[in-house]
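Working notes, beginning with the structure itself.
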Amino acid sequence: MSAPAPSPLAIVDAEPLPRQDEVLTDAALAFVAELHRRFTPRRDELLARRTERRAEIARTSTLDFLPETQAIRVDDTWKVAPAPAALEDRRVEITGPTDRKMTINALNSGARVWLADFEDASAPTWENVVTGQLNLIDAYTRNIDFTDPRSGKAYALKPAEELATVVTRPRGWHLDERHLQLDGTPVPGALVDFGLYFFHNAQRLIDLGKGPYFYLPKTESHLEARLWNDVFVFAQDYVGIPQGTVRATVLIETITAAYEMEEILYELRDHASGLNAGRWDYLFSIVKNFRDGGSKFVLPDRNLVTMTAPFMRAYTELLVRTCHKRGAHAIGGMAAFIPSRRDPEVNKVAFEKVKADKDREANDGFDGSWVAHPDLVPIAMASFDAVLGDKPNQKDRLRDDVSVAAGDLIAVDTLDAKPSYDGLRNAVAVGIRYIEAWLRGMGAVAIFNLMEDAATAEISRSQIWQWINADVVFENGEHATADLARTVAAEELATIRAEIGEEAFAAGKWQQAHDLLLQVSLDQDYADFLTLPAYEQLR
């Protein structure tokens, strides 16, 4: 008697979308189901391990490089696989969600790479998940155009040789996709995003002279990188493409991963192409992990924690040294400024700051960096052109001068800045505005001339939580309390209502966003990720 066929994935609680059958084919869903069967149990174990590690940090208030992996760190003989031609030069990368207009604009932007984002810059509505995949398929088949319904402006792709190389970012391991279930269990969003994209596009990208390239977010340990590597090995065999075709760049955006950079590259060495240094998620991770650590871990206003802060400098310099020692690209952080069409003076000041930041990264040895808007591509490009010239990267610059001790990465108290009352108001204002847009299905949101994503909301609510629980006293004499946060939030809600008018206010999700921000900022039990309770409200 033959074994019963594996049960198929079920699409749950989702209205049919136009052309969804082109993405949710039986073959693609069978592949995603197989990924789920093989790898979700290990995903679950690794999420449990995160909780155990957090408890250990709460007990000790410290972190160190792992003694059990020292042999990997001291072995100078191993390197990651050589970069494919399409990823050899990554001097400017633009980031953004996979909606149709952004897909065209990012590919046309002049950046070398587009981070096509299913993660922090995309609210995971079912429509965004499916149509984002469809937009990428259409881009690779040059079956994509867009006409803005308001302006009438038409968008179309430039010639293939002028387009950015796509590096896709799936969701982090912690997020599930409730609309795809196997025997009543949701499939991890990471496996849905990776699986659908890889299944439909791996061979198509090879035929275009590129490949299936990925950014891996929210990684917390080398064991999580090992899981991704095993996913890649299985997937390449499944569709019959050569091992090593996949390339992955890992975001070092958690404090625990910062202590395991070499091990993460080692686990992915046949598929690794680099590491990236972020800011908001990294700071969020420090608050989350060291929230019991007392006043020495209290961060000032997020905008005062620049990449030149000593503990941030230790992190970025260690990242460059680690990458270049192992033959990988080191990719710098985000320039999030959104140029104003009305205020050239604001632009002038901001462009100078962007240039200074990108100059610093290029001179520190980074091989490329991120921007959020096409107008910033030329500025970042000029900074890296000045250092790289005709070279595709500076991986030959080994930064042997860098020496970082374990304590340097968590020396938050080396900052002389302090939390401020204006910082609290900004965290509340940005948090409410971002969450409201997210609940309407928008993950990349322009707020106060900056392009914000979910990491912004995470650091904003984390700072409110940390300042209240540390009983911070602001410069105006006010104590950070739950009541003060509620007062500021109510005032911010009234400001927004006056700003946009009653009709727009009523049509939005402002009260819901206000309530959710206060929930995750004031609950004694700190939520691991804002997006987990927010996803329950995303309809």
Side-chain angles (χ1 to χ4, degrees), residues 32 35-36 39-51 53-54 95 97-98 115-125 128-129 132 167-180 186-198 213-232 248-258 260 264 267-268 275-289 334 370 434 438 443-444 453-459 461-462 520 526-536 538:
V32 173
L35 291 174
H36 176 62
F39 299 111
T40 297
R42 273 177 62 197
R43 189 282 307 247
D44 295 343
E45 290 169 9
L46 289 169
L47 292 185
R49 187 177 179 275
R50 286 181 178 183
T51 303
R53 193 172 196 188
R54 222 305 289 175
T95 71
T98 53
L115 186 161
D117 200 8
F118 287 94
E119 199 230 1
D120 274 3
S122 179
T125 63
N128 286 346
V129 169
V167 180
T168 300
R169 181 162 70 168
R171 280 168 280 182
W173 282 126
H174 60 288
L175 290 165
D176 286 332
E177 175 49 68
R178 67 167 173 263
H179 299 294
L180 276 181
V187 180
L191 296 179
V192 173
D193 299 338
F194 165 81
L196 292 174
Y197 180 77
F198 179 88
Y213 307 142
F214 297 93
Y215 260 110
L216 305 180
K218 307 287 190 289
T219 301
E220 296 197 16
S221 75
H222 70 286
L223 298 179
E224 295 179 16
R226 181 183 297 170
L227 175 57
W228 268 120
N229 196 72
D230 290 346
V231 169
F232 297 155
T249 305
V250 180
L251 292 113
I252 303 298
E253 56 185 354
T254 66
I255 187 62
T256 51
E260 299 183 38
I264 286 167
E267 294 294 345
L268 285 158
L275 304 177
N276 167 270
R279 183 158 51 136
W280 296 151
D281 262 323
Y282 190 74
L283 295 176
F284 153 54
S285 173
I286 290 174
V287 174
K288 174 160 61 174
N289 280 288
M334 170 70 82
W370 285 5
Y434 181 82
W438 196 92
D453 70 6
T456 304
E458 292 286 24
I459 185 60
R461 65 95 179 188
S462 296
V520 294
Y526 178 94
D528 276 348
F529 293 95
L530 158 68
T531 44
L532 292 173
Y535 187 51
E536 297 304 312
L538 188 68

For this session: Could you give me the CA-CA distance, side-chain angles and deciding distance for Tyr282 and Leu251, then say whether side-chain contact (heavy atoms from CB on, under 4.5 Å) is met?
Result: CA-CA 10 Å; Tyr282 190 74; Leu251 292 113; over 6 Å; no

Exercise. Charged N to carboxylate O under 4.0 angstrom, Arg53 versus Glu224?
Worked result: no

Exercise. Would a 4.5 Å heavy-atom cut-off, applied to side chains only, mark Ile264 and Leu216 as touching?
Worked result: no

Exercise. Yes or no on side-chain contact (heavy atoms from CB on, under 4.5 Å) for Leu227 and Trp173, after CA distance, side-chain angles and deciding distance?
Worked result: CA-CA 10 Å; Leu227 175 57; Trp173 282 126; 3.6 Å; yes

For this session: Please report the shortest heavy-atom distance between Met334 and Thr95, naming the atom on each side.
Result: CE-OG1, 2.9 Å

Exercise. Ignoring hydrogens and geometry, is there a side-chain-to-backbone donor-acceptor pair from Thr40 to Arg43 under 3.5 Å?
Worked result: no

For this session: Working to the nearest 0.5 Å, report the span between OH of Tyr213 and OG1 of Thr249.
Result: 10.5 Å

Problem set entry | Exercise: identify the closest heavy-atom pair between Tyr434 and Ala457 | CD2-CB, 3.7 Å

Exercise. Taking all non-hydrogen atoms of both residues, which atom of Leu538 and which atom of Thr125 are closest, and how far apart?
Worked result: CD2-N, 3.7 Å

Exercise. What closest approach, in Å, do Thr98 and Ala116 show between heavy atoms, and which atom pair accounts for it?
Worked result: CG2-CB, 3.8 Å

For this session: Taking Ser462 for its side chain and Phe284 for its backbone only, find out whether a donor-acceptor pair lies under 3.5 Å.
Result: no

For this session: Quick one: pull up OH in Tyr535 and CZ in Phe529 and give me the separation to the nearest 0.5 Å.
Result: 15.5 Å

Exercise. Does the side chain of Trp280 come within less than 4.5 Å of Asp120's, by heavy atoms?
Worked result: no

Seminar exercise, completed: Rounded to the nearest 0.5 angstrom, the CG-CD1 distance for Leu283 and Ile459 is 5.0 Å

Problem set entry | Any Pro124 side-chain heavy atom under 4.5 Å of Leu175 side chain | no

Exercise. Hey, mind stepping through Glu267 and His222 against side chain to side chain donor-acceptor pair (under 3.5 Å) and telling me if it holds?
Worked result: CA-CA 7 Å; Glu267 294 294 345; His222 70 286; 4.5 Å; no

For this session: Considering only NZ, NE, NH1 and NH2 on the basic side and carboxylate oxygens on the acidic side, decide whether Glu119 and Lys218 come within less than 4.0 Å.
Result: yes

Exercise. Mind checking whether Val129 and Leu180 have side chains closer than 4.5 Å, heavy atoms only?
Worked result: no

Exercise. Can a cation-pi geometry be assigned to Arg461 and Tyr526, taking NZ or CZ under 6.0 Å from the six-membered ring centre and within 45° of the ring axis?
Worked result: yes

Problem set entry | Phe214: which of Trp228, Phe118, Tyr197 passes ring pair (Phe, Tyr, Trp, His ring centres under 6.0 Å) | Tyr197

Exercise. Which heavy atom in Pro97 sits nearest to a heavy atom in Ser122, and how many Å separate them?
Worked result: CB-CB, 4.5 Å

Exercise. Going from CG on Leu191 to CZ on Arg171, what distance comes out if it is rounded to the nearest 0.5 angstrom?
Worked result: 10.0 Å

Problem set entry | Min side-chain heavy-atom separation Asp193-Thr168 under 4.5 Å | no

Exercise. At their closest point, which heavy atom of Pro188 faces which heavy atom of His36, and how far apart are they?
Worked result: CD-ND1, 3.5 Å

Problem set entry | CG on Asp281 to OG1 on Thr254, rounded to 0.5 Å | 9.0 Å

For this session: Can you label the angle between the Phe194 ring and the Phe232 ring as parallel, tilted or perpendicular, going by 30° and 60°?
Result: tilted

Exercise. Are side-chain heavy atoms of Asp528 and His174 found at a separation under 4.5 Å?
Worked result: no

Exercise. When rounded to the nearest 0.5 angstrom, what distance separates OG1 in Thr531 from CH2 in Trp438?
Worked result: 6.0 Å

